[in-house]
Amino acid sequence: MTDTSHTGPVRVRYAPSPTGDPHVGNLRTALLNWVFARRTGGQFIVRIEDTDRERMLDGSLDRILGALEWLGLDWDEGPGKGGPFEPYVQSERKVLGKYAEAAQQLIENGHAYKCTCTPERLDQLRQRQRAEKKSTGYDSYCRNKSDEEREADRAQGLATVVRFKVPLEGEVVFNDVLRGPLTFDPSLLQDFVILKSDGYPTYHLAHIVDDHEMGITHVLRSEEWISSTPRHVMMYDGFGWEPPEFVHLSILLGPDRSKLSKRHGDTALLEFRDRGFLPETMFNFLSLLGWSAADDEEVMTREQIVAKFSLDGLNAAPSIFDITKLEWMNGVYLRQLPVETLSEMLLPELEAPDGLPESISRPIDRDYLTQLVPLVHERLKKIDREELSGMLAYFFQDSIELVPTEVVQKGMDEAATASALESAATALELAKSFEAEPLEVQFRALCVKLDLKPRQLFGALRVALTARKVAPPLFDTMVALGRDRSVARVRRAASLLLHGQPIS
RNA sequence: GCCCCGUUGGUGCAGCGGCCUAGCACGCCAGCCUUUCAAGCUGGAGAUCACGGGUUCGAAUCCCGUACGGGGUACCA
C-alpha cells in the first residue's frame, strides 16, 4: 500500500499557462493543491508557465488569478505576492538565464545535446513513420554528431534546440501516490526538446527547474501528465536531483465521457460565477470530484474540507461533471444565506439592464427588496437574472398583464370567478389587519361562504395578483404588494373577466 | 499503431479479503405537508460491483486476459 498519509507541511503549486480561460478541471487541480497545503500547514505557490509565446492570450492571466481569488484560493507565494523564489513567472525567470543554464548543465554532463533539425525535417520524418505505421518520434539524428559537425552547425548559425538524451535501455519507474509504482520503457520515448529555438524552455525543463528550486514536495496534477512523467524522472536523474512525490489526479469528463472541454458548454469557472453560482458551492462541489471525506459528508465548508482532507480520499477514476448536482448544492448554499446578504446580492442583478423590465425605474427600493427576499429564498437554485425577474417583477410593476383564462380555476367559469374576485376585493378593502395570518383566516372563511375550495379562490387570486400560476405564498404576496395594489389588481382581474377589458 | 491510466445503479462517491442479502448523496417515482411552486419529511424503483479466467475456506476488494472508456504519443501545457 502506498503511503498517502502525509501530514507534515508540504510545498505544492498551481502552475497555469495563460493560454485561455481557466476552466473547472484546472481550478479543481488548483483547489486540491490548496487544500493539501492548508491541511498540512504547508505552502501553496502559484507559478505562471508562460513559455509558449504563441498561445498566450491577453487577459488570460488576470482571469486565472481572478478565478483563484473568487474561489478563495489564496497563495503564499506567487504573482502579486512575491516570495523567496521570485520571480514566479517563467518568462521572467528565463530572462535570468535559469533555464539556459540548466540546459547547459545537462549538455555538459552528457544528458542533453543540441539539435539543428528543422521543423520541416521533423514533419517529413513523422509522415514517413506514420505511413510505415511505426510509432512517431524523433530519430535522434543529431544525437551522435561529431564535434566537427556541431562546430559546422554553429558556424552556420542554424536554429538550435536542446534535446534530452533518453537512455537507450533500462526502465523508468516512479511511484504515483494514487496509482502505485508505474513502469515505463524509455526506448519508447524520444529525445524530447527541453529548450526551444526561441530560447524558451519547454514545460518539461521549466517546471522541473522551478519545482526543484522552489522546493516543491508534491506535484498534484492532472492524469494527462502521467505519460510525460518518466521524462521528468529521467531529467531529475540527469540533474542529480530528488524528484517530488507525484499525485496524478483523475481528469474531469463531460457527460459524453470525453475530456471536459469547451465543447461541453460552459466550463470556464468564471462563467459559473456569472450564471449565479456561489463560490462556496463551486469550492465544495469541485472538491468532491475525485475526492471524498471519510465520513461521507458532502455539504462542507472550506474549513471542514481542509480539516478532513487526505490524499487517501482521492479516487483515481475520472469523474463526470454533473451540473444537476451542482445546482442542487447551490440551492443548499443559497438557502443558508442570511436574507440581508442575499438581498444585497440580488439588488445589482435586478437593476441590471437584463434584470427587471426596463419599465421599472431604478434604483429599486432596498428595504422593499429585503422584504421580498424571504418569499423567493428557498425557491432559488442560482442567481439568474431572467428567473429572478420573473419571480419578482410583479412586485415592482404598477400593472401586470393577465391572461384571463389563467385566472379561471377548475370547476369555475368567468362569471363565477369575477364575482368571487369582487368579494375578495371587498374583503381586502375591509380587512382590519393586513397581515398574512389574519388574511388567511379571513379568506378561508370566505371560501366557505362562497362555497369554493381554497384551491379555486386562492388560485384565482394568485393569478390576479401576480399574473403567474406559480408564485410565493398568497397572503405573503398580498402583504408585500400592499392593500391598495392588491385590491386594484383583484378588481381589475374581475373586470377583465366580465367585460373583456379593465374598467379603470 | 504504440504506451499508459481507469471501469461499483442515470450521475458523484463509499467499500482497502469475511461486518456487503453492496452503503451515502444528486436525480427519478410515490406519499405526506399544502393555496401553486419550492423547501422539508417518509417510502420506493434502480447495480448479476464491465466480462472471462484464476488465487483463497471466502473476492466488488488480490492476479492474469478480454472488452469498453479515457489520456499520451509536439520547438503545447
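Side chains are part of it too, since the values below use all heavy atoms of this structure and drop only hydrogens, waters and symmetry mates.
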>> Please classify the nucleic acid contact of A/Leu189 as base, sugar-phosphate, or nothing, using heavy-atom distances under 4.0 Å.
In response: nothing
> With a 4.0 Å cut-off on heavy atoms, is A/Ala317 in touch with a base, just the backbone sugar-phosphate, or nothing at all?
Replying inline: sugar-phosphate
> Rounding to a whole Å, what distance do you find between A/Glu327:CD and B/U11:C1'?
Replying inline: 14 Å
>> Show the nearest heavy-atom pair for residues A/Leu168 and A/Ser187, with the distance to one decimal.
In response: O-CB, 3.8 Å
> For the pair made of CH2 in A/Trp328 and P in B/C24, what is the distance, rounded to whole Å?
Replying inline: 15 Å
> Within the structure shown, what part of the strands sits under 4.0 Å from A/Phe184 by heavy-atom distance: base, sugar-phosphate, or nothing?
Replying inline: sugar-phosphate
> A/Asp296 side chain: which of B/A25, B/G40, B/G23 is closest?
Replying inline: B/G23
> Just how far, in rounded Å, is C1' of B/G27 from CG of A/Asn330?
Replying inline: 17 Å
>> Please classify the nucleic acid contact of A/Gly290 as base, sugar-phosphate, or nothing, using heavy-atom distances under 4.0 Å.
In response: sugar-phosphate
>> Just to be sure I understand the rule, does A/Leu288 reach a base, reach only the sugar-phosphate, or reach nothing, if contact means heavy atoms closer than 4.0 Å?
In response: sugar-phosphate
> Between A/Arg39 and A/Phe309, is NZ or CZ placed under 6.0 angstrom from the six-membered ring centre and within 45° of the ring axis?
Replying inline: no
> Starting at the 5' end of RNA chain B and moving along, which residue's nearest nucleotide shows up first, A/Lys469 or A/Asp185?
Replying inline: A/Asp185
> Could you walk me through whether A/Glu349 and A/Arg385 pass the salt bridge (charged side-chain N to carboxylate O under 4.0 Å, His left out) check?
Replying inline: CA-CA 6 Å; A/Glu349 303 299 327; A/Arg385 287 176 188 174; 2.7 Å; yes
> With sugar-phosphate meaning primed atoms plus P, OP1 and OP2, does A/Leu289 contact a base, only sugar-phosphate, or nothing at under 4.0 Å between heavy atoms?
Replying inline: sugar-phosphate
> Can you check the A/Asn315 CG to B/U7 P distance for me, whole Å?
Replying inline: 7 Å
> In B/S/- notation, 5' to 3', how is nucleotides 66-77 of chain B contacted by protein heavy atoms closer than 4.0 Å?
Replying inline: ---SSBSSSBBB
> Does A/Arg163 count as lying over the ring of A/Phe192, i.e. NZ or CZ under 6.0 Å from the six-ring centre, within 45 degrees of the axis?
Replying inline: no
> Under 4.0 angstrom, heavy atoms only, what part of the nucleic acid is A/Gly313 near: base, sugar-phosphate, or nothing?
Replying inline: sugar-phosphate
> Does NZ or CZ of A/Lys382 lie under 6.0 Å from the centre of the six-membered ring of A/Phe277, at an angle within 45° of the ring axis?
Replying inline: no
> CZ of A/Phe246 versus C1' of B/C4: gap in Å, rounded?
Replying inline: 15 Å
>> Taking the nucleotide of RNA chain B with the nearest heavy atom to each, does A/Val470 or A/Ser319 sit closer to the 5' end?
In response: A/Ser319
> Under 3.5 Å, is there an N or O donor on one side and an acceptor on the other linking the side chain of A/Arg379 and the base of B/C37?
Replying inline: yes
>> Students often get this wrong, so: under 4.0 angstrom with heavy atoms, is A/Arg130 touching a base, only sugar-phosphate, or nothing?
In response: nothing
